[in-house]
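What follows is a short report on a single structure.
Not measured: the values here are computed from a predicted model. Residue numbering restarts at 1 for every chain, and letters A, B, ... go by the order of the sequence lines.
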Protein chains: 2
Amino acid sequence: MTMTRTRSKPSAKREAILDAAQRLFLVEGYAATSMDAVAAGAEVSKATIYAHFEGKDQLFAAIMHRRCEASFAFASPDESFDAERTFTTYAERLLGLLMTPDAMALYRVVVAESARTPELAQAFYETGPIRGKAAIAASVACLQARGELATDIDPLVIADQFIGMLRAETYHRALLGLPEGRSVAKTIAAAVQTLMRAYGKR
Amino acid sequence: MTMTRTRSKPSAKREAILDAAQRLFLVEGYAATSMDAVAAGAEVSKATIYAHFEGKDQLFAAIMHRRCEASFAFASPDESFDAERTFTTYAERLLGLLMTPDAMALYRVVVAESARTPELAQAFYETGPIRGKAAIAASVACLQARGELATDIDPLVIADQFIGMLRAETYHRALLGLPEGRSVAKTIAAAVQTLMRAYGKR
DNA sequence: GTCTATAGAAAGATAGAC
DNA sequence: GTCTATCTTTCTATAGAC
């Protein structure tokens with residue numbers, strides 16, 4: 001009752017600040033978001049923000065952690081699926097996540113700040129991409145053990161290549177705010193086909 | 001002799017401004033680079049910058065065009081190469097280009113600004129990535145015609161997937177400023193192998 | 001913890017002389 | 001075209017009352 005650790009008590013104001021900051025950072029970007037705007041959005045005074053967070057940097061870091069934790073909670077496909085269906089399911093889930101406006105906006109800001117704030121980029125990479133990749137690699141290893149995929153290739157390499165193909169043209173255009181090129185469905189189908197032709201055992 | 005079109009006369013001051021701006025934008029990022037800093041770097045007054053460029057936006061756009069034109073001048077591999085060697089050569093040239101600190105810094109800024117300046121992202125995409133992709137797709141079509149690659153696949157799809165695999169983990173980590181994971185050489189070898197296993201005709 | 005009010009610095013852009 | 005000097009705005013951060 002006497003303790004008041006900053007992190008443990010999610011006061012209403014604190015949550016309001018986080019919500020407003022998330023909305024603004026992801027829509028406007030880091031530099032273009034002012035603390036005044038966050039204060040206005042949270043209907044809170046600026047001084048209150050500084051009572052809860054050390055500064056703009058820390059506030060953004062808090063947002064990023066929150067988003068990554070929420071986003072990359074990644075259910076694996078059913079283990080009874082064959083290789084093709086496993087890949088397809090992963091692809092749909094991954095792109096469904098990555099193509100979210102929020103996820104793309106977060107990624108834009110992380111990329112932009114990575115040159116000046118490597119810790120941020122590292123935290124992002126470890127709570128985000130690495131977990132997705134590990135999940136896919138684990139499934140690949142499982143499929144290899146079952147004899148559905150060739151075994152003379154590192155599961156991590158397959159996972160990287162798969163994610164790379166999924167993040168090619170279609171995702172890339174969306175990230176840059178350009179009109180859609182190839183459809184997501186075609187991108188997925190093509191990536192799955194390539195991996196199956198290269199490493200499938202049927 | 002009487003004409004003084006802004007673009008045609010590359011005055012020394014103008015070049016100095018562009019050089020200083022390029023260095024600063026790519027190292028510090030767009031937002032973190034002030035016009036004062038550019039002026040100081042170019043040893044020129046701020047007013048002179050505004051005499052040559054409409055504002056910060058236009059200045060950055062000029063930098064980006066200059067870089068893209070210079071970077072993506074992309075020689076195709078020898079036509080006598082087989083598929084494997086063609087892919088490998090492209091991969092080395094492409095990653096040699098993309099992994100340049102300058103190229104990564106430019107890409108970071110373009111990504112960051114794309115949400116607020118779509119024209120910039122579009123100009124980048126068209127002077128940069130699209131040209132690289134078209135060059136690779138053309139070579140793929142040529143290899144298909146020679147019977148070295150399967151013909152039941154769109155050359156553009158192969159080009160996209162190839163670039164995607166090359167830009168996966170290794171490049172991605174570098175972009176985010178993280179320590180190197182897999183080596184560039186291994187990434188290239190693995191991507192070429194996957195494409196050859198899937199679509200090679202030997 | 002929360003507010004009002006403001007400090008203090010830095011930014012983008014321009015006026016006017018030469 | 002180029003400069004010096006300055007305007008105006010906006011930003012992060014804080015002091016001090018409650």
Side-chain angles (χ1 to χ4, degrees), chain A residues 1-64 109 112-113 116-117 120, chain B residues 1-64 109 112-113 116-117 120:
Chain A
M1 215 72 124
T2 52
M3 289 178 61
T4 322
R5 292 237 318 279
T6 319
R7 285 297 180 81
S8 53
K9 194 174 66 173
S11 75
K13 301 262 183 191
R14 191 172 211 274
E15 291 301 306
I17 293 168
L18 283 169
D19 289 340
Q22 172 168 318
R23 211 182 57 243
L24 287 165
F25 277 135
L26 297 193
V27 173
E28 310 287 342
Y30 180 81
T33 297
S34 72
M35 296 297 260
D36 283 284
V38 175
E43 292 178 313
V44 152
S45 86
K46 228 183 339 179
T48 301
I49 301 179
Y50 283 93
H52 285 278
F53 302 93
E54 288 185 19
K56 198 180 176 181
D57 298 1
Q58 301 285 327
L59 179 56
F60 179 74
I63 301 297
M64 202 208 61
V109 179
E113 297 305 309
R116 281 166 298 287
T117 319
L120 194 83
Chain B
M1 215 71 125
T2 52
M3 288 179 61
T4 321
R5 293 236 319 279
T6 318
R7 287 296 180 82
S8 54
K9 195 173 67 170
S11 75
K13 300 265 182 188
R14 190 172 212 275
E15 290 302 305
I17 293 168
L18 283 169
D19 289 341
Q22 171 169 318
R23 210 182 58 243
L24 288 165
F25 277 135
L26 297 193
V27 173
E28 310 288 342
Y30 180 80
T33 298
S34 72
M35 296 298 261
D36 284 284
V38 175
E43 294 178 310
V44 153
S45 84
K46 224 182 345 177
T48 301
I49 301 178
Y50 283 93
H52 285 279
F53 302 93
E54 288 185 20
K56 199 179 175 181
D57 298 0
Q58 301 285 328
L59 179 56
F60 180 74
I63 302 296
M64 202 207 60
V109 180
E113 296 307 308
R116 280 165 297 289
T117 318
L120 194 82

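- Atom CG of A/L59 is separated from atom C1' of D/dC11 by 15 Å (rounded to the nearest Å).
- Within the 4.0 Å cut-off from OP1 or OP2 of C/dT14, not a single side-chain nitrogen or oxygen of B/Y50 is found.
- The residue B/S45 sits close to a base: some heavy atom pair falls under 4.0 Å.
- Between A/A31 and A/A47, it is A/A31 whose nearest contact on DNA chain D lies nearer the 5' terminus.
- Between B/F53 and B/L18 the shortest side-chain heavy-atom distance falls below 4.5 Å.
- Taking OG1 from B/T117 and CZ from B/F60, the interatomic distance works out to 9.0 Å, rounded to the nearest 0.5 Å.
- A/Y50 has its side chain within reach of A/M35: a pair of non-hydrogen atoms, C-beta onward, lies under 4.5 Å apart.
- The distance from atom CZ of A/F53 to atom C1' of C/dG1 is 14 Å, rounded to the nearest whole Å.
- Straight-line distance from the CD1 atom of B/I17 to the C1' atom of D/dG1: 10 Å, rounded to whole Å.
- Atom P of nucleotide C/dC3 and atom CD of A/E43 are separated by 10 Å, given to the nearest angstrom.
- For the pair B/T33 (side chain) and B/E28 (backbone), a donor-acceptor distance under 3.5 Å is absent.
- If you measure from atom NZ of B/K13 to atom P of D/dG1, you get 12 Å, rounded to the nearest angstrom.
- Positionally, the nearest nucleotide of DNA chain C for A/K46 lies more toward the 5' end than for the other of A/K46 and B/G55.
- As rounded to whole Å, 14 Å separates atom P of C/dC3 from atom CG of A/D36.
- Rounded to an integer number of Å, the gap from B/Q58 CD to C/dG12 P is 15 Å.
- At a threshold of 4.5 Å between non-hydrogen side-chain atoms, the residues B/M64 and B/F25 do not count as touching.
- Note on B/T48: a side-chain N or O is less than 4.0 Å away from OP1 or OP2 of D/dC3.
- For B/H52, taking side-chain heavy atoms from C-beta onward, the closest of the listed nucleotides D/dT2, D/dT12, C/dG1 is D/dT2.
- If you check D/dT12, C/dT2, D/dT2 against the side chain of A/K56, the one that comes closest is D/dT12.
- Between A/E15 atom CD and C/dG1 atom C1' there is a gap of 16 Å when expressed in whole angstrom units.
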